[in-house]
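Notes to accompany the following structure.
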Amino acid sequence: MAETVAQLARFGLSETEARTYVAVLERGSATIAELSTATDISTGYVYDLVERLDDRGLVVVDDHRTPTQVRAVDPESAIESMTEELSELATDLAERHTEAEPDYPAVELVRTRETLYDRLERLVGNASQEVFLSVPAPAIDRLTPALERAVRRGVFVAVLLGTAGVDGPVDVERIARGTHVVRTWEATVASLAAADGRVSITSDSSLLHGQHRQGEYGLAIEQSPKNATAILSQWSNFWAAGEQIYRADSPSLPLETVSFRHGLFAIATHDDPHSLAVTAHLLPDQDRETLTGRVVETKQGLVDPVTAEFTGQNGLVLDVDGTHHSVGGSGAYTEAFAADHLSVRERE
């Protein structure tokens, strides 16, 4: 009975209402006096409780009889009625709800290996556009299922694996389904992750692999584009030092409004990038919303062959009606335009 009372309490009944309702259910029909004895609640209070239960549609009170009889409504019908009311309430609340972004970052100090794995899996699981990850190579096995699900959702994934102290080659086949491009670096890399330009994680390498040294910890930071950009910049420096060991096939076209780097990956890996037309969806406060043209060249360091002129550069040049325009991603400072998304298709 206690468990049933607790479950009913979670659906809004008070503890005494739940106890009284269960007592009615067990008897099918009962008098106020019988319910008072069964629940050890005063007779006067039981009258109030059964009236509330009647209002909720859980019981029927027949006060035309002497003594007053309380009969339980069929539980399935009662629950169905409550479900309909909850559904109507949910619809009303959803119409009134305004999504508000926190104006401050949420920062969590991570001290244990299991917690760090959990936060990395959550970061990957919540990603909707792109994930950039660097971890010690042995740690990738635990993260691969979450990465595979992300790729199936259409998320772009790039992974750098630190192979210092690792015996044998990386099992590329094992991780291929969960990545678009993989590099290895024979060094002890910090564990870094950035997703969707808003969420990031950084930690000492030993927190995921090897002996965890006292005092080493990680930070999980949400709702902070500045921190995510800083972590991605650090990741890019490590990435540039790595060696590509896997690249997925170029995605099927067209691609509609994917993240800038995802679109750039599609262009750079296409058999003939010059045959592609691209629409860059520009960030606010520029003199236009979109820029559409033919691909002239890419300047990127995501995949081999690298065409970037400096570490971290990821951009492209579009021919728009005979004029060349350079476009970079969010935070671009050498390109004329900055875009957060690209649409890529074959030219007609």
Side-chain angles (χ1 to χ4, degrees), residues 123 127-134 150 154-160 179-181 183 192-200 221 223-240 242 247-248 250-251 253-270 273 276-320 324-345:
L123 176 147
S128 61
Q129 299 183 57
E130 56 186 17
V131 170
F132 301 94
L133 181 68
S134 73
V155 177
F156 176 71
V157 176
V159 175
L160 174 69
T179 57
H180 289 84
V181 57
R183 287 188 174 190
L192 302 173
D196 296 346
R198 293 155 41 98
V199 184
S200 57
I221 308 170
Q223 309 297 343
S224 178
K226 288 183 178 179
N227 280 289
T229 299
I231 294 301
L232 183 56
S233 177
Q234 185 180 2
W235 177 90
S236 296
N237 289 328
F238 292 164
W239 183 257
R247 174 183 70 75
S250 190
L253 299 180
L255 285 180
E256 295 295 337
T257 321
V258 296
S259 73
F260 185 87
R261 295 176 189 83
H262 194 172
L264 192 59
F265 171 84
I267 297 166
T269 57
H270 193 272
L276 301 178
V278 171
T279 296
H281 303 271
L282 304 181
L283 290 163
D285 301 325
Q286 299 178 81
D287 63 6
R288 62 189 79 184
E289 294 183 355
T290 62
L291 194 68
T292 300
R294 175 182 63 84
V295 174
V296 176
E297 64 175 327
T298 62
K299 296 183 178 181
Q300 58 81 33
L302 289 172
V303 296
D304 292 343
V306 171
T307 56
E309 297 173 347
F310 54 86
T311 298
Q313 183 183 27
N314 285 296
L316 70 158
V317 177
L318 297 178
D319 182 327
V320 183
H324 289 189
H325 297 280
S326 58
V327 185
S330 177
Y333 56 89
T334 62
E335 292 82 10
F337 293 93
D340 54 357
H341 294 88
L342 296 177
S343 295
V344 185
R345 63 186 182 281

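- When all heavy atoms of A280 and V327 are compared, the pair lying nearest together is CB-CG1, 4.0 Å.
- The shortest side-chain heavy-atom distance between F132 and S236 does not fall under the 4.5 Å cut-off.
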Could you walk me through whether T334 and S326 pass side chain to side chain contact (heavy atoms under 4.5 Å, CB included), step by step? CA-CA 8 Å; T334 62; S326 58; over 6 Å; no
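- With rounding to the nearest 0.5 Å, the separation of CG in L291 from CZ in F337 is 5.5 Å.
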Carefully, step by step, assess E289 and L282 under the rule side chain to side chain contact (heavy atoms under 4.5 Å, CB included). CA-CA 5 Å; E289 294 183 355; L282 304 181; 5.9 Å; no
I'd like to know whether H270 forms a side chain to side chain contact (heavy atoms under 4.5 Å, CB included) with L253, so could you lay out the CA-CA distance, the side-chain angles of the two residues, the decisive distance to 0.1 Å, and finally the verdict. CA-CA 10 Å; H270 193 272; L253 299 180; 3.8 Å; yes
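- In terms of heavy-atom proximity, T257 sits nearest to S343 at N-OG, 2.9 Å.
- Listed here is the closest heavy atom pair of I231 and A193: CG2-O, 3.7 Å.
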Output, in order, the C-alpha distance, side-chain angles, deciding distance and verdict of side chain to side chain contact (heavy atoms under 4.5 Å, CB included) for F260 and L316. CA-CA 10 Å; F260 185 87; L316 70 158; 3.5 Å; yes
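- Between F265 and F156, the ring-plane angle classifies as tilted under the 30° and 60° cut-offs.
- Expressed to the nearest 0.5 Å, how far CG of L318 lies from CD of E297 amounts to 10.5 Å.
- The minimum heavy-atom distance linking A150 with V157 is given by the pair CB-CG2, 4.5 Å.
- At a threshold of 4.5 Å between non-hydrogen side-chain atoms, the residues V258 and Q129 do not count as touching.
- Annotation: side chain of R345 is in contact with side chain of T279 (closest heavy-atom distance under 4.5 Å).
- I221 contributes atom CD1, which lies 11.5 Å from atom CG of L123 (distance to the nearest 0.5 angstrom).
- At a threshold of 4.5 Å between non-hydrogen side-chain atoms, the residues L160 and R183 count as touching.
- Side-chain atoms of Q300 come within 3.5 Å of backbone atoms of P305 as a donor-acceptor pair (strictly under, hydrogens ignored).
- Ring-plane geometry between W239 and W235 is classed as parallel, the angle between the planes falling under 30 degrees on a 0 to 90 degree scale with a further cut at 60.
- Counting heavy atoms from C-beta outward, V181 and T269 have side chains that stay 4.5 Å or more apart.
- Rounding to the nearest 0.5 angstrom, the gap separating the CG atom in N237 from the CG atom in L232 is 10.0 Å.
- Residues V320 and G293 approach most closely at CG2-CA, 4.1 Å, considering heavy atoms.
- Nearest heavy-atom pair across A194 and A228 is CB-O, 4.1 Å.
- One distance of note links CZ of R288 with NE2 of H325; it measures 5.5 Å at 0.5 Å rounding.
- Under a 3.5 Å cut-off, the side chain of D196 and the backbone N or O of E130 do form a donor-acceptor pair.
- A donor-acceptor pair is defined here as one N or O able to donate and one able to accept, closer than 3.5 Å; such a pair exists between the side chain of S250 and the backbone of A266.
- Surrounding OH of Y333 are at most 12 heavy atoms belonging to other residues, nucleotides or ligands under 6.0 Å away.
- Atom CG of L264 and atom OG1 of T307 lie 7.5 Å apart (nearest 0.5 Å).
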